[in-house]
Amino acid sequence: MQNKTSNPASNDFLRTLSATVTATAAIVGVHHYYRKQRQPEARLQDYVIGISAKMHSSAPLPRLQYAYQQAKLAYQNYPVNSAQAVIIEDKANALAERHTTTMLPRPVCWVSGVAAMPKSVSLANSKNTHNDNDHDFGVVGIDADRQLVWQTTMPERVHDIVVQPMATKNTQSRDVVVMGRRPSEGFWVLDTAKGQVKHTIKAATDRHFYGHACYSSDGAQLYITENDTVSLEGKIGIYNAANGYQKTGEFDSHGIGPHELIMHPDGETLIVANGGIKTEQASREELNLDSMQPSLVYLNRHTGKLLEQITPEHNQMSIRHLAIHNDGTVMIGVQFQGERHINVPLVLTHQLGDAEFEPLTMPNDEWQRFHQYIASVAVDSERNLLCVTTPIGGCAAIYDLTTRQLIDSVPLPDCAGASVRVGEQGGFIVSDGQGQITTLLTPDRTAIITDSVTHKMSFDNHLQALL
């Protein structure tokens, strides 16, 4: 349902856009007039949509494209609040949460959680005035130029973002699952192209979510790491994507505190990072740091049968975040819960069948430069590169997986989200709590070249690509 707000800002809206909208609207009007002489059944809406396709395919100048987009939004939605292009309220379910979505019509390449999003701003770094304390949690869709396509408010802070795989090449017609930050009792299903909330799912009785999920290869099933709040045993919940994400079953994670889980390239094996930490739900207090039992497990996704379980060299090496290479090698990011002076490897790899983990190489074995905390891992299988981030260490790094050597690291305060960057140059993009989205390129595999775009928001832990 579209919510149109009566507001004096309608005049401000027209004045603000007059320089661009008037000219664009005039051109559209003249062309449509002559078109209607030849085709009496022609509609203005069809004309706008047709021009949209042509402008996107011909890569117009950014200012012209933006002017056109604003004209289209003015035509479709006027009058609207000047701080919003489109407002959509989620009424798909009977739950009380309300989500406001603001969007522009551009293709989405990445999706990220936002820990602090100004409630009153519109897209692309709007200069509308707002209260500096007027912030909220949310999710944003990001285009190839690292500009915001849509932003949707959330009732709580979110963690992982999971994009539904599809058999077709239509990347804009699939679901995005947004997981609440652990321990959470909810997750949300959004539309990839528009960011609208389609479903809000609550955890079952005596369960809470641990912040991560993954789809089956066909996109039909969703698997979520959960906690049994009575026994504190880890569980993997199974949800049917074709039936409104209703829970259909669960099985053991064979550990405590399961965090991220991913699908093996064989499509039949779930890989689960059991962090080993018991978490008290109300306070997020970690209850068993001295007796942790972290592990990496491989499970049959249909039956939950344990296929393999590997434990790290130190019981306080919490296995948290994972990525999978196309060859089946698991990339592992560790968060060490022990004393600060203890030096342990924080980036590991493993192949199904290996007896133990294999750490990547750190110059002079100085793993403490990452401050015992890896937030995200992202792998470029084609170029055999790995990106890792550490918000506490304030840097992002790229590894050469062929040599297993560190190529370079760059300072990025409070960086966390990492994802593959598509295109001929490849590389990665990294998001941070300062509002930056930074590209990391290493064309000669000896150093990292960076370029940042800054937004008026604080990006959260994870960033996912629509590949």
Side-chain angles (χ1 to χ4, degrees), residues 62 66 69 83-85 99-104 106-161 176 178-181 190 195 211 371 373-376 378 387-397 409-421 427-441 448-466:
Y66 183 74
Q69 289 162 347
Q84 297 171 335
H99 309 270
T100 300
T101 299
T102 306
M103 64 162 290
L104 290 173
R106 294 197 294 265
V108 177
C109 293
W110 296 278
V111 183
S112 174
V114 176
M117 182 172 68
K119 289 180 181 177
S120 60
V121 302
S122 61
L123 296 169
N125 289 318
S126 167
K127 294 182 180 179
N128 292 317
T129 60
H130 62 278
N131 186 331
D132 288 339
N133 295 319
D134 190 20
H135 288 70
D136 206 355
F137 305 126
V139 188
V140 296
I142 303 165
D143 70 9
D145 295 324
R146 290 170 288 164
Q147 298 301 318
L148 304 186
V149 177
W150 52 256
Q151 58 190 42
T152 298
T153 60
M154 286 287 134
E156 64 182 77
R157 186 173 171 183
V158 304
H159 193 69
D160 195 15
I161 312 292
V176 171
V178 178
M179 299 300 304
R181 183 183 185 220
L190 279 63
H371 288 246
Y373 191 102
I374 299 298
S376 291
C387 178
V388 302
T389 61
T390 168
I392 300 176
C395 71
S409 65
V410 291
L412 283 175
D414 201 21
C415 67
S419 184
V420 175
R421 181 176 177 270
F428 302 91
I429 69 166
V430 170
S431 58
D432 63 47
Q434 309 298 313
Q436 294 185 119
I437 304 176
T438 303
T439 61
L440 276 64
L441 302 177
I448 296 176
I449 301 172
T450 65
D451 174 66
S452 297
V453 172
T454 303
H455 296 273
K456 294 180 180 179
M457 54 185 57
S458 176
F459 293 105
D460 220 322
N461 292 79
H462 294 291
L463 175 74
Q464 295 293 343
L466 274 69

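This structure is a prediction, so every number in the text was calculated from the model and none was measured.
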Point-to-point distance, once rounded to the nearest 0.5 Å, from CD1 of Ile448 to SG of Cys387 = 7.0 Å
Pairs meeting criterion salt bridge (charged side-chain N to carboxylate O under 4.0 Å, His left out) with involvement of residues 148-159, two or more places apart | Arg157-Asp460
To the nearest 0.5 Å, tell me how far Trp110 CH2 sits from Asp143 CG.
-> 8.0 Å
Heavy-atom pair of closest approach, residues Gly138 and Val158 | O-CG2, 3.8 Å
In this structure, SG of Cys415 is separated from CD1 of Ile392 (nearest 0.5 Å) by 11.0 Å
Note: Ser112 and Leu463 closest approach over all heavy atoms is CB-CD1, 3.6 Å
List the atom of Asp414, the atom of Pro391, and the distance in Å for their closest heavy-atom pair.
-> OD1-CB, 3.6 Å
Pairwise side-chain contact, Ile142 with Gln147, heavy-atom cut-off 4.5 Å (strictly under) | no
Counting N and O atoms only, with roles assigned by atom type, does the side chain of Ser409 sit under 3.5 Å from a partner on the main chain of Cys395, one being a donor and the other an acceptor?
-> no
Partners passing side-chain contact (heavy atoms from CB on, under 4.5 Å) against Ala378 (at least two apart in sequence or in another chain) | Ala418, Phe428
Would a 4.5 Å heavy-atom cut-off, applied to side chains only, mark Val430 and Ile437 as touching?
-> no
List in chain and number order the residues that pass side-chain contact (heavy atoms from CB on, under 4.5 Å) with Asp451, two or more places apart in sequence or in another chain; answer none if no residue qualifies.
-> Arg146, Thr439
Taking the side chain as every heavy atom from C-beta outward, state whether Val139 and Ile161 have any pair of such atoms under 4.5 Å apart.
-> yes
Do we see a donor-acceptor contact under 3.5 Å between the side chains of His462 and Ser376?
-> yes
Quick one: side-chain hydrogen bond (donor to acceptor under 3.5 Å, both in side chains) partners of Thr389, sequence neighbours excluded?
-> none
Side-chain heavy-atom pair Val176, Gln464 within 4.5 angstrom cut-off | no
Could you pull out all residues at least two apart from Arg421 that satisfy salt bridge (charged side-chain N to carboxylate O under 4.0 Å, His left out)?
-> none
So, do Leu190 and Thr152 sit near enough that their side-chain heavy atoms are less than 4.5 Å apart?
-> yes
Locate the shortest heavy-atom distance separating Val108 from Gly141; write the atom from each residue and the value.
-> CG1-CA, 4.0 Å
Any idea which heavy atoms bring Gly435 and Phe459 closest together, and the distance?
-> O-CE1, 3.4 Å
Which atoms form the tightest heavy-atom contact between Met154 and Asp136, and what is the distance?
-> O-OD1, 3.7 Å
Partners of Gln436 by side-chain contact (heavy atoms from CB on, under 4.5 Å), sequence neighbours excluded?
-> Leu412, Asp432, Thr438, Ser452, Thr454
Heavy-atom distance under 4.5 Å between the side chains of Gln151 and Val114, does that happen here?
-> no
